Undergrad: 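Dumping the structure here so I can ask a few things about it.
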Amino acid sequence: MSIFRKIDKVLGAFGYIRALERTHVDTFTENLINNVPGEKIAESKEGQLYVEFQELAGFNFMESAILSRENIKTFKGAKLSFIGDDDELILDSDITEIESDYSNVSNRWMTKVSYVVTKDDIKFITEKKSNTIVFEYKRKAIKLYGIK
């Protein structure tokens, strides 16, 4: 245990909020990260992408979870591009406000994003016709490679 962690524990015992935040272990978010619903369809050094499909009131949705080392926070939405040899599919996020959840146990961020999809989009994604998947937000991008 480092000297700084010991100091934080002592300060936390006296009620210093910042010291308590630094020593807090977030088991809730870590449990969400370890039990991500859906199927992992892409990964790279930058992160992993899990997807799950749902139907609500006649509309098809794709719920995605991105595990990465980056804090993704935007009020302008995001794009998810599936790039294949012959075809390309670009999906815009259903909501514009996106924010990641942090786990200090594994030092990873989990970002959940929903997309409206059609039956053809679901077929394209489930048949794994894409080699590269790019998640774009603001002026940044996370590049992932499809798992066959």
Side-chain angles (χ1 to χ4, degrees), residues 1-5 8-9 12 17-148:
M1 180 180 274
S2 71
I3 187 75
F4 295 114
R5 186 164 306 273
D8 278 344
K9 283 196 170 199
I17 300 299
R18 292 207 185 234
L20 286 171
E21 289 174 354
R22 287 190 297 260
T23 59
H24 174 69
V25 176
D26 186 10
T27 56
F28 179 75
T29 305
E30 184 64 23
N31 188 29
L32 290 176
I33 287 174
N34 290 331
N35 300 312
V36 177
E39 176 187 0
K40 182 183 353 180
I41 62 166
E43 67 181 344
S44 71
K45 290 181 181 178
E46 297 178 39
Q48 302 171 351
L49 175 66
Y50 292 82
V51 297
E52 181 179 42
F53 298 100
Q54 296 179 352
E55 184 180 340
L56 298 169
F59 292 99
N60 294 312
F61 290 93
M62 182 180 77
E63 302 292 331
S64 70
I66 299 169
L67 303 179
S68 67
R69 300 264 183 220
E70 288 189 42
N71 180 13
I72 299 170
K73 186 173 183 178
T74 181
F75 294 102
K76 295 183 179 180
K79 289 186 181 205
L80 191 62
S81 303
F82 293 87
I83 304 166
D85 293 333
D86 301 328
D87 293 332
E88 183 174 336
L89 172 66
I90 299 174
L91 301 174
D92 291 319
S93 62
D94 186 31
I95 54 172
T96 56
E97 184 177 344
I98 300 168
E99 189 171 358
S100 300
D101 294 320
Y102 179 68
S103 171
N104 60 0
V105 175
S106 61
N107 194 26
R108 291 187 289 181
W109 296 87
M110 180 175 175
T111 310
K112 292 189 174 188
V113 184
S114 178
Y115 303 91
V116 177
V117 292
T118 64
K119 298 265 186 203
D120 292 335
D121 297 342
I122 294 172
K123 184 177 178 184
F124 183 85
I125 295 166
T126 56
E127 290 180 357
K128 300 182 180 180
K129 293 182 179 179
S130 58
N131 302 328
T132 307
I133 300 170
V134 181
F135 178 77
E136 298 174 86
Y137 64 101
K138 291 185 178 179
R139 293 186 177 120
K140 299 179 183 179
I142 296 176
K143 194 171 188 179
L144 305 158
Y145 301 100
I147 298 172
K148 298 281 178 178

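All residue numbers in this chain count up from 1 along the given sequence. Bear in mind the structure is a predicted one, so any value in this text is a computation, not a measurement.
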Undergrad: Just do the side chain to side chain contact (heavy atoms under 4.5 Å, CB included) check on Val36 and Met110 with the steps written out, would you?
TA: CA-CA 9 Å; Val36 177; Met110 180 175 175; 4.2 Å; yes
Undergrad: Donor-acceptor check, side chain of Thr118 to backbone of Asp121, threshold 3.5 angstrom: yes or no?
TA: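 Confirmed, Thr118 side chain pairs with Asp121 backbone.
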Undergrad: Do any N or O atoms from the side chain of Ser103 and from the backbone of Arg108 form a donor-acceptor pair under 3.5 angstrom?
TA: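 Looks like no, no N/O pair under 3.5 Å.
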Undergrad: Does the side chain of Ile142 reach to within under 4.5 Å of the side chain of Val134, using non-hydrogen atoms?
TA: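 Result no, sub-4.5 Å side-chain heavy-atom pair not found.
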Undergrad: Quick one: closest heavy-atom pair of Asn71 and Ser100, and the distance?
TA: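 Smallest interatomic distance, heavy atoms only, reads OD1-CB, 3.6 Å.
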Undergrad: How close do Ser68 and Glu46 get, heavy atom to heavy atom, and via which atoms?
TA: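 Closest heavy-atom pair between Ser68 and Glu46: CB-O, 3.4 Å.
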Undergrad: Please check if any side-chain donor atom of Glu43 sits under 3.5 Å from a side-chain acceptor atom of Tyr50, or the reverse.
TA: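 Absent: no donor and acceptor within the cut-off.
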Undergrad: So, taking the atom named NZ in Lys129 and the one named CD1 in Ile83, what distance separates them when rounded to the nearest 0.5 Å?
TA: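 Spacing of NZ (Lys129) from CD1 (Ile83) equals 16.0 Å.
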Undergrad: Please list, chain by chain and in numerical order, all residues satisfying side-chain contact (heavy atoms from CB on, under 4.5 Å) with Thr96, sequence neighbours excluded.
TA: none
Undergrad: Could you walk me through whether Lys40 and Leu49 pass the side chain to side chain contact (heavy atoms under 4.5 Å, CB included) check?
TA: CA-CA 6 Å; Lys40 182 183 353 180; Leu49 175 66; over 6 Å; no
Undergrad: About how many Å separate CG of Asn60 and CD of Glu55, when rounded to the nearest 0.5 Å?
TA: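 Interatomic distance, Glu55 CD to Asn60 CG, rounded to 0.5 Å: 5.0 Å.
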Undergrad: Is there a donor-acceptor contact under 3.5 Å from the side chain of Lys138 to the main chain of Lys73?
TA: yes
Undergrad: Are Met62 and Ile125 close enough that some pair of their side-chain heavy atoms sits under 4.5 Å apart?
TA: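 Heavy-atom side-chain distance check passes, below 4.5 Å.
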Undergrad: Taking atom CD as the centre, does Glu97 end up with more than 12 heavy-atom neighbours from other residues, nucleotides or ligands that are less than 6.0 angstrom away?
TA: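 No, not enclosed.
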Undergrad: Which value, rounded to the nearest 0.5 Å, describes the distance between Phe53 atom CZ and Glu63 atom CD?
TA: 10.5 Å
Undergrad: Between Leu89 and Asp87, is there a side-chain heavy-atom distance shorter than 4.5 Å?
TA: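 Sidechains of Leu89 and Asp87: no contact.
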Undergrad: Could you measure the distance from the CD atom of Glu136 to the CG atom of Leu80? Nearest 0.5 Å is fine.
TA: 9.0 Å
Undergrad: Over all heavy atoms of both residues, which pair between Phe82 and Ile41 is shortest? Give the atoms and the distance, please.
TA: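 Where Phe82 meets Ile41 most closely, the heavy atoms are CE2-CD1, 3.8 Å.
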Undergrad: Are the side chains of Val116 and Phe61 in contact, using a 4.5 Å heavy-atom criterion?
TA: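 Heavy-atom side-chain distance check passes, below 4.5 Å.
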Undergrad: For Ser93 and Gly77, work out which heavy atoms get closest and say how close.
TA: OG-CA, 3.4 Å
Undergrad: Let me confirm one number: the OG1-CZ distance from Thr111 to Phe135, rounded to the nearest 0.5 Å.
TA: 6.5 Å
Undergrad: May I ask you to decide if Val113's main-chain N or O and Ser64's side chain share a donor-acceptor pair within less than 3.5 Å?
TA: yes
Undergrad: Passes side chain to side chain contact (heavy atoms under 4.5 Å, CB included), Ile72 versus Trp109? Steps please.
TA: CA-CA 8 Å; Ile72 299 170; Trp109 296 87; over 6 Å; no
Undergrad: Give the minimum heavy-atom separation between Tyr137 and Ala78, together with the two atoms involved.
TA: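 Scanning both residues, the minimum pair turns out to be CB-CB, 4.2 Å.
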Undergrad: Rounded to the nearest 0.5 Å, what's the gap from OG on Ser44 to CD1 on Ile133? Could you check?
TA: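 Reported to 0.5 Å precision, the distance equals 10.0 Å.
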Undergrad: Using a strict 4.0 Å threshold on nitrogen-to-oxygen distance, state whether Glu39 and Lys128 make a salt bridge.
TA: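 Salt bridge present between Glu39 and Lys128.
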